[in-house]
Number of protein chains: 2
Amino acid sequence: MIKNTKKRNEILMIIQNTNKPLTAQEIYDAIFPTTSINLSTVYRNLELLCQENILLKEIRNDKKSYYQMNSYIHKHRVICTKCHCDIIISDCPLKKLENAIEKSTGYQLTSHIFELSGICPQCQSKEK
Amino acid sequence: MIKNTKKRNEILMIIQNTNKPLTAQEIYDAIFPTTSINLSTVYRNLELLCQENILLKEIRNDKKSYYQMNSYIHKHRVICTKCHCDIIISDCPLKKLENAIEKSTGYQLTSHIFELSGICPQCQSKEK
DNA sequence: GTATATGCAAAATGTTTGCGTTATG
DNA sequence: CATAACGCAAACATTTTGCATATAC
């Protein structure tokens with residue numbers, strides 16, 4: 001049974017009020033000045049909230065896990081393989097696909113990870 | 001300038017002849033009995049081949065990096081959040097999406113990561 | 001002959017865990 | 001008062017790095 005604790009609420013609050021996925025460390029740093037908290041606590045809560053499908057976790061190439069709300073509206077990124085800049089695709093374009101995949105696999109989908117890599121316009125022009 | 005070495009070729013060969021993404025350790029284990037090689041060498045080559053867009057790297061929830069050929073034909077997985085079983089979606093359904101995203105972002109897309117989570121049919125029936 | 005690749009051992013990093021204590025329902 | 005959450009320190013696992021040597025072009 002999941003209990004209602006101040007620190008858990010703080011973690012959720014930070015994530016809800018930030019419009020991009022955050023790492024455990026970033027969440028810790030945001031909370032710590034106000035409320036004393038331990039990194040392990042952050043990790044344990046993030047893990048739990050993912051299991052409950054409240055949060056969505058993606059592991060990026062920097063080997064860090066990024067957490068965001070698992071809401072209907074969420075974002076994906078396109079990352080440049082040259083300069084590592086990124087831009088956000090604001091509407092997740094996968095809803096239709098997911099319906100088809102649910103039918104073909106029988107899985108009841110709860111979340112997904114989708115991330116694109118490519119070469120950004122600036123790096124494309126530099127190449128010429 | 002990238003040189004043509006026996007060990008690099010071995011690594012590529014293993015990946016090409018395996019129809020699922022592999023970890024550095026798995027590649028090492030596949031090569032070692034035949035050819036002496038060091039894990040660092042495997043990692044360094046995998047990194048290089050990803051930069052060249054020859055390989056595609058995805059980091060999964062077990063915190064390991066999995067490598068596969070970055071070919072037109074590649075696969076994605078649906079993973080069960082309860083029992084962790086998975087199934088493969090054999091055709092990548094994102095081609096049309098990518099064209100649209102290239103137009104809207106200006107990025108020249110080279111690869112992507114796409115992974116779905118949900119509840120598998122077996123676990124769905126257990127829940128009732 | 002010079003730049004790249006390799007092996008080895010050690011370090012780095014993000015994350016997890018054991019355990020004693022504290023707080024919640 | 002039983003179960004869940006927390007803090008702390010130590011452990012873990014994968015990946016990276018420094019440096020000396022070997023290999024490719």
Side-chain angles (χ1 to χ4, degrees), chain A residues 1-15 20-68 79 81 84 113 115 117, chain B residues 1-15 20-68 79 81 84 113 115 117:
Chain A
M1 198 243 147
I2 288 195
K3 292 182 179 174
N4 180 11
T5 69
K6 187 182 174 199
K7 313 210 169 180
R8 177 128 67 224
N9 290 336
E10 293 256 15
I11 291 169
L12 271 172
M13 208 69 85
I14 298 288
I15 296 173
K20 61 168 192 177
L22 295 171
T23 63
Q25 185 67 53
E26 287 172 330
I27 294 164
Y28 173 85
D29 291 341
I31 295 174
F32 193 74
T34 322
T35 312
S36 153
I37 194 171
N38 192 275
L39 233 198
S40 309
T41 305
V42 176
Y43 273 112
R44 276 195 266 240
N45 275 295
L46 291 173
E47 188 59 34
L48 185 68
L49 292 165
C50 281
Q51 275 169 29
E52 301 293 317
N53 286 312
I54 294 166
L55 295 183
L56 189 58
K57 167 184 176 178
E58 55 173 304
I59 309 184
R60 296 191 188 161
N61 275 357
D62 60 6
K63 289 183 307 176
K64 291 177 192 153
S65 297
Y66 287 76
Y67 302 86
Q68 63 180 310
I79 306 146
T81 53
H84 304 104
I113 291 165
E115 207 170 271
S117 303
Chain B
M1 200 241 150
I2 287 195
K3 292 183 179 174
N4 181 9
T5 69
K6 187 183 175 200
K7 313 208 171 182
R8 177 127 68 222
N9 290 336
E10 293 256 14
I11 291 168
L12 271 172
M13 208 69 86
I14 298 289
I15 297 173
K20 61 168 192 177
L22 296 171
T23 63
Q25 185 67 53
E26 286 171 331
I27 295 164
Y28 172 84
D29 290 342
I31 295 174
F32 193 75
T34 322
T35 311
S36 153
I37 194 171
N38 191 276
L39 233 198
S40 309
T41 305
V42 176
Y43 273 111
R44 277 195 266 238
N45 275 295
L46 291 173
E47 188 58 33
L48 186 66
L49 293 165
C50 281
Q51 275 168 28
E52 301 293 318
N53 286 314
I54 295 165
L55 295 183
L56 188 59
K57 167 184 176 178
E58 56 172 303
I59 308 184
R60 295 191 188 161
N61 275 357
D62 59 8
K63 288 184 305 176
K64 291 177 193 152
S65 298
Y66 288 76
Y67 301 85
Q68 63 179 310
I79 305 144
T81 54
H84 304 105
I113 290 165
E115 207 171 270
S117 302

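Every chain is numbered from 1, with letters handed out A, B, ... down the list of sequences. In what follows, every heavy atom counts, from backbone to side chain, and hydrogens, waters and symmetry copies are set aside.
- Pairing each heavy atom of A/Ile59 with each of B/Arg60, the nearest pair is CD1-O, 3.2 Å.
- Bracketed by its first and final contacts, the part of DNA chain D lying under 4.0 Å from non-hydrogen atoms of chain A reaches from D/dT3 to D/dT15 in 5' to 3' order.
- Rounded to the nearest 0.5 angstrom, B/Asn9 CG and B/Asn45 CG are separated by 9.5 Å.
- Here B/Ser65 lies in heavy-atom contact (under 4.0 Å) with sugar-phosphate atoms only.
- A donor N or O paired with an acceptor N or O is found under 3.5 Å between the base of C/dA3 and the side-chain atoms of B/Lys3.
- Between the side chain of B/Glu26 and the backbone N or O of B/Thr23 there is at least one donor-acceptor pair closer than 3.5 Å.
- With C/dT17, C/dT6, C/dG25 as the candidates, the nucleotide lying closest to the side chain of A/Asn4 is C/dG25.
- Here the side chains of B/Tyr66 and B/Lys57 are not in contact, with every heavy-atom distance at 4.5 Å or above.
- Annotation: of the two residues near DNA chain D, B/Lys57 and B/Ile2, the 5′-most nearest-nucleotide partner is B/Lys57.
- Comparing B/Met1 and A/Ser36 along DNA chain D, the residue whose closest nucleotide (by nearest heavy atom) sits nearer the 5' end is A/Ser36.
- Using a distance-only test at 3.5 Å, with no hydrogens or angles considered, no donor-acceptor pair links the side chain of B/Arg44 to the main chain of B/Leu39.
- In the region residues 45-56 of chain B, proximity to DNA chain D at under 4.0 angstrom, judged on heavy atoms, holds for none of the residues.
- The interatomic distance linking A/Ile27 (CD1) with C/dG14 (P) rounds to 14 Å, in whole Å.
- Here the side chains of A/Cys50 and A/Tyr67 are in contact, with some heavy-atom distance below 4.5 Å.
- Between B/Glu10 atom CD and C/dG7 atom C1' there is a gap of 16 Å when expressed in whole angstrom units.
- From B/Arg8, atom CZ reaches atom CG of B/Leu48 across 5.0 Å, with rounding to the nearest 0.5 Å.
- For the pair B/Tyr28 OH and C/dC8 C1', the interatomic distance rounds to 11 Å; values are reported in whole Å.
- Nearest heavy-atom pair across A/Val42 and A/Ile11 is CA-CD1, 3.9 Å.
- A/Lys64 has a side-chain polar atom (N or O) that falls below the 4.0 Å cut-off from OP1 or OP2 of C/dG14.
- Terminal axes of the helix from C/dG1-D/dC25 to C/dG25-D/dC1 (five pairs each, C1' rotation axis) are separated by 50°, to the nearest 10°.
- For C/dG18, its base sits under 3.5 Å from the side chain of A/Arg44 at one donor and acceptor pair at least.
- In this structure, B/Lys7 contributes its side chain and B/Ser36 its backbone to a donor-acceptor pair below 3.5 Å.
- Put simply, B/Ser40 has no side-chain N or O that comes within less than 4.0 Å of OP1 or OP2 on C/dG7.
- Straight-line distance from the CD1 atom of A/Ile59 to the P atom of C/dT15: 8 Å, rounded to whole Å.
- Atom CG in B/Leu39 sits roughly 16 Å away from atom C1' in C/dA5 (whole-Å rounding).
- Atom NZ in B/Lys7 sits about 14 Å away from atom P in C/dA5, given to the nearest Å.
- Residue B/Leu46 holds its CG atom at 9.0 Å from OG of B/Ser65, rounded to the nearest 0.5 Å.
- One atom, NZ of B/Lys63, and another, C1' of C/dT13, lie 10 Å apart when rounded to the nearest Å.
- The distance from the CD atom of B/Glu10 to the CG atom of B/Leu12 is 10.5 Å, given to the nearest 0.5 Å.
- At a cut-off of 3.5 angstrom, the base of C/dT6 holds no donor-acceptor pair with the side chain of B/Thr5.
- Atom pair B/Ile37:CD1 and C/dG7:C1' shows a separation of 10 Å (rounding to whole Å applied).
- Separating the CD1 atom in B/Ile31 from the CD1 atom in B/Ile14 is a distance of 5.0 Å, to the nearest 0.5 Å.
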